[in-house]
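What follows is one structure encoded as structure tokens, with my remarks underneath.
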Amino acid sequence: MSDNTEGITLHFIQILLQISLNQLLYFVHRNQENQSAEVTFILLGFSEYPELQIPLVLLFLTIYSITVLGNLGMILIIKINPKLHTPVYYFLRHLSFVDLCYSTVVTPKLLENLIVEDRTISFTGCIMQFFFACIFVVTETFLLAVMAYDRFVAICNPLLYTVVMSQKLCSLLVGASYSWGTVCSLTLTHFLSELSFRGNNIINNFVCEHAAIVAVSCSDPYISQEIILVSATFNEISSLMIILTSYVFIFITVLKMPSTGGRHKAFSTCASHLTTITVFHGTILFLYCVPNSRSSWLMVKVASVFYTVVIPMLNPVIYSLGNKDVKETARKLVNTKLLCQ
């Protein structure tokens with residue numbers, strides 16, 4: 001992917017986030033005018049397990065450090081290695097960026113609440129955390145679907161791959177993922193900001209998650225709950241349909257390959273992506289579709305930790321383990337750093 005195309009995409013994302021932030025501040029300001037008193041939220045997190053506070057701080061700090069280094073490292077490696085300037089790595093760069101942002105929205109506040117006794121977060125802070133977390137999780141959902149389509153074109157139409165997956169199409173697919181994530185987040189935040197809250201509100205989670213926020217609302221959350229149900233269902237079903245359809249055609253194409261080596265190579269190019277999809281969507285489906293998972297707040301917290309804190313750490317590890325070009329570039333970076341020192 002050319003630097004010009006990348007620059008246009010990043011500029012578009014910057015403008016999109018700026019417009020969204022302005023709209024978000026408008027929602028928050030309008031809601032605060034309707035509140036009878038200053039509204040704050042208290043994130044309980046894992047406070048019911050005081051003996052685990054220090055071990056959890058060390059665990060989450062380690063995970064976050066690996067997440068930051070892993071995703072920034074992946075972005076840098078793809079940037080400096082010309083061999084990796086292809087559509088699949090273009091999408092992977094944005095996946096790493098989304099994972100880094102997503103983890104940064106959630107983890108620092110989680111670490112703060114484990115260290116200090118004051119676990120309050122302002123109404124504005126809570127809504128902003130939900131807003132940005134929503135953008136990045138929806139964007140990642142569709143980026144994974146886009147990457148599945150990319151693998152479909154690469155394996156089922158290899159001769160047309162460079163023509164079909166043009167720079168323009170890649171930029172449009174990435175831009176569409178960010179745009180849809182922003183639209184969904186603005187819509188959900190708008191209806192969430194229409195709810196009324198009073199005084200201090202206890203949220204039985206470590207993150208400002210939609211269900212936990214509406215649970216402490218003083219007004220009827222029916223519309224907000226229905227909107228997020230429709231949105232989440234549409235996003236999950238549509239993205240999974242793209243993924244499943246792509247891999248059905250991939251599977252059929254691979255089975256028709258005459259050589260065992262060709263089949264093994266084709267499957268190996270999809271292994272990392274399939275692992276990421278399984279972990280990401282498996283966690284979300286468990287959290288929202290398993291009947292008893294929503295009735296146990298401990299289960300909700302554990303599942304939330306997995307897809308907000310752990311998955312952003314796993315993705316760069318999954319994509320780098322079996323990739324010779326990525327490992328070779330990382331090795332050169334480390335050797336260069338050691339020589340400089």
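Not measured: the values here are computed from a predicted model.
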query: What distance separates L143 CG from D150 CG, expressed to the nearest 0.5 Å?
result: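 These two atoms lie 11.5 Å from each other.
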message: How long is the straight-line distance from CZ of F191 back to CD1 of I227, given to the nearest 0.5 Å?
response: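 One gets 4.5 Å once the value is rounded to the nearest 0.5 Å.
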Pairing residues for E51 by the salt bridge (charged side-chain N to carboxylate O under 4.0 Å, His left out) criterion, not counting sequence neighbours: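 For E51 there are no salt bridge (charged side-chain N to carboxylate O under 4.0 Å, His left out) partners, ignoring immediate neighbours.
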message: Check this for me: F249, atom CZ, are more than 12 non-hydrogen atoms of other residues, nucleotides or ligands nearer than 6.0 Å?
response: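 No, not enclosed.
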message: Would you say that more than 12 heavy atoms from the other residues, nucleotides or ligands in this model lie under 6.0 Å from the CG of L52, or not?
response: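 Buried by this count: over 12 neighbours within 6.0 Å.
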Please answer whether the main-chain N or O of [Y] pairs with a side-chain N or O of [X] as donor and acceptor at a distance below 3.5 Å.
X: N201; Y: G199; answer: yes
X: Q225; Y: A211; answer: no
X: N71; Y: P312; answer: yes
X: S224; Y: P221; answer: no
X: N81; Y: I77; answer: no
X: T189; Y: S185; answer: yes
X: S193; Y: H190; answer: yes

Quick one: are [X] and [Y] in side-chain contact, heavy atoms under 4.5 Å?
X: M257; Y: I155; value: yes
X: M165; Y: F91; value: yes
X: Q129; Y: V207; value: yes
X: F206; Y: V305; value: yes
X: V88; Y: R151; value: yes
X: E140; Y: N315; value: yes
X: T187; Y: S231; value: no
X: T162; Y: T86; value: no

task: Anything under 30° is parallel, anything over 60° is perpendicular, the rest tilted; go ahead and classify H273 against Y247.
output: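 If you compare the ring of H273 with that of Y247, the planes turn out parallel.
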task: Indicate the ring-plane relationship of F136 and F132, choosing parallel, tilted or perpendicular according to the 30° and 60° boundaries.
output: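 Taking F132 first and then F136, their aromatic rings lie parallel (interplane angle under 30°).
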Tell me the closest heavy-atom pair linking [X] and [Y], and the distance in Å.
X: S47; Y: R119; result: CB-CZ, 3.5 Å
X: N113; Y: Q53; result: O-OE1, 4.4 Å
X: N205; Y: S304; result: ND2-OG, 4.0 Å
X: D220; Y: L195; result: O-CD2, 3.7 Å
X: A133; Y: V105; result: N-CG1, 4.0 Å
X: A145; Y: S239; result: CB-O, 3.9 Å

Listed partners of H281 passing ring pair (Phe, Tyr, Trp, His ring centres under 6.0 Å), at least two apart: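 None.
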Under 3.5 Å, side-chain donor or acceptor atoms of residues 57-70 against the rest of the protein: list the pairs with distances, not counting sequence neighbours.
{"unit_1": "T62", "atom_1": "OG1", "unit_2": "L58", "atom_2": "O", "d": "2.7"}
{"unit_1": "Y64", "atom_1": "OH", "unit_2": "T104", "atom_2": "OG1", "d": "3.0"}
{"unit_1": "S65", "atom_1": "OG", "unit_2": "L61", "atom_2": "O", "d": "2.8"}
{"unit_1": "T67", "atom_1": "OG1", "unit_2": "I63", "atom_2": "O", "d": "2.8"}

message: By the definition side chain to side chain contact (heavy atoms under 4.5 Å, CB included), identify the one residue from I311, V309, T308, I135 that meets it with Y102.
response: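 Answer after filtering I311, V309, T308, I135: T308.
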query: Do T107 and S103 have side-chain N/O donor and acceptor atoms under 3.5 Å apart?
result: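 Checked: T107/S103 side chains pair up, N/O donor to acceptor below 3.5 Å.
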field: Trace of the side chain to side chain contact (heavy atoms under 4.5 Å, CB included) decision for F131 with L188
entry: CA-CA 8 Å; F131 171 76; L188 295 174; over 6 Å; no
query: Got a sec, which residues hit disulfide bond (SG atoms under 2.5 Å apart) with C208, two or more places apart in sequence or on another chain?
result: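 Only C126 meet the disulfide bond (SG atoms under 2.5 Å apart) criterion with C208.
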message: Once ring pair (Phe, Tyr, Trp, His ring centres under 6.0 Å) is applied, what residue pairs with a partner in residues 207-238 remain, sequence neighbours excluded?
response: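 Counting only pairs at least two positions apart or across chains, the ring pair (Phe, Tyr, Trp, His ring centres under 6.0 Å) contacts touching residues 207-238 are F130-H210, W180-F234.
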query: side chain to side chain donor-acceptor pair (under 3.5 Å) with S217: which residues, sequence neighbours excluded?
result: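 Per chain and number, S217 pairs via side chain to side chain donor-acceptor pair (under 3.5 Å) with S219.
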- prompt: Taking the six-membered ring for Trp, are the ring centroids of H85 and Y89 within less than 6.0 Å of each other?
  reply: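 No; Y89 has its ring centre 6.0 Å or more from that of H85.
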- request: Assess whether side chain to side chain contact (heavy atoms under 4.5 Å, CB included) is satisfied between T120 and N200, documenting all intermediate values.
  value: CA-CA 9 Å; T120 60; N200 294 327; 5.5 Å; no
- request: Would you sort out whether Y178 and V98 count as a side chain to side chain contact (heavy atoms under 4.5 Å, CB included), showing the intermediate values?
  value: CA-CA 10 Å; Y178 282 104; V98 168; 3.5 Å; yes
